[in-house]
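Here is how names work: the chains are called A, B, and so on, in the same order as the sequence lines, proteins then strands, and each is numbered from 1.
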Amino acid sequence: GEDVEQSLFLSVREGDSSVINCTYTDSSSTYLYWYKQEPGAGLQLLTYIFSNMDMKQDQRLTVLLNKKDKHLSLRIADTQTGDSAIYFCAESISGYSTLTFGKGTMLLVSP
Amino acid sequence: NAGVTQTPKFQVLKTGQSMTLQCAQDMNHNSMYWYRQDPGMGLRLIYYSASEGTTDKGEVPNGYNVSRLNKREFSLRLESAAPSQTSVYFCASSAEGPTYEQYFGPGTRLTVT
């Protein structure tokens with residue numbers, strides 16, 4: 001069955017780059033997603049990548065996908081205190097509308 | 001566009017009481033979902049509805065029922081609340097394939113005593 005794994009916690013200093021990692025097991029994954037959850041709020045879609053792509057860049061965010069190793073990463077450049085949140089990785093399988101989510105990585109950015 | 005809205009924001013129930021969580025979306029999405037979020041467990045899918053008139057069980061459906069009232073609204077009912085159902089509940093809706101990206105409501109924080 002499918003499973004999505006993430007490290008639980010990451011701490012960085014303001015201005016540094018943050019890299020949040022995710023691994024997934026299902027080789028049928030078609031899209032992979034990154035969501036952000038701020039305290040007391042719902043999940044906000046940050047970006048997604050199609051499984052036949054290696055990289056996607058969107059302003060300060062860079063998503064890298066290594067399909068051979070089933071490894072996904074989210075890099076946040078020039079991390080700000082407002083980036084402190086929980087980040088969720090998720091995958092979808094071709095033909096199914098449901099997503100499988102990881103347990104989330106808490107990013108703490110200190111001044 | 002309000003996106004996905006949920007009511008209420010907070011609720012406290014006694015064991016055995018019933019209640020319905022309401023969800024509505026104004027994005028004309030076909031698919032809607034209910035999740036629960038617990039510390040250390042991530043998001044777990046309770047039920048989903050791929051289209052108006054259909055519903056399917058997710059990972060943790062026991063103790064819950066759902067109704068897809070129309071294309072906009074998808075409600076979650078707890079018939080006899082238990083302390084194990086203390087959680088934060090999120091409703092979501094999704095765009096059509098192939099991307100299926102989901103959009104989430106702000107959540108309902110439920111405490112069962």
### Task
Look at the rings of A/Tyr31 and A/Phe50 and say which category their plane angle falls in: under 30° parallel, 30 to 60° tilted, over 60° perpendicular.
tilted
### Query
Looking at B/Thr55 and B/Phe74, what are the two nearest heavy atoms and their distance?
CG2-CE1, 4.0 Å
#### Entry: Test of ring centre spacing under 6.0 Å for A/Phe101 and B/Tyr35
yes
### Query
Counting heavy-atom pairs under 4.5 Å to chain A, which of B/Ser31, B/Pro106, B/Gly107 comes out on top?
B/Pro106
### Task
Let me know if A/Leu45 has heavy atoms under 4.5 Å from chain B in its side chain, its backbone, both or neither.
side chain
### Message
Does any backbone or side-chain atom of A/Phe88 lie under 4.5 Å from a heavy atom of chain B? Answer side chain, backbone, both or neither.
### Response
side chain
### Query
Does NZ or CZ of A/Lys56 come closer than 6.0 Å to the centre of the six-membered ring of A/Tyr48, within 45° of the ring's axis?
yes
### Task
Write down the atom of A/Gly104, the atom of A/Gln6, and the distance for their closest heavy-atom approach.
N-OE1, 3.2 Å
### Query
Quick one: what part of B/Gln6 sits under 4.5 Å from any heavy atom of chain A, side chain, backbone, both or neither?
neither
#### Entry: Contact class of A/Gln44 relative to chain B, heavy atoms under 4.5 angstrom
neither
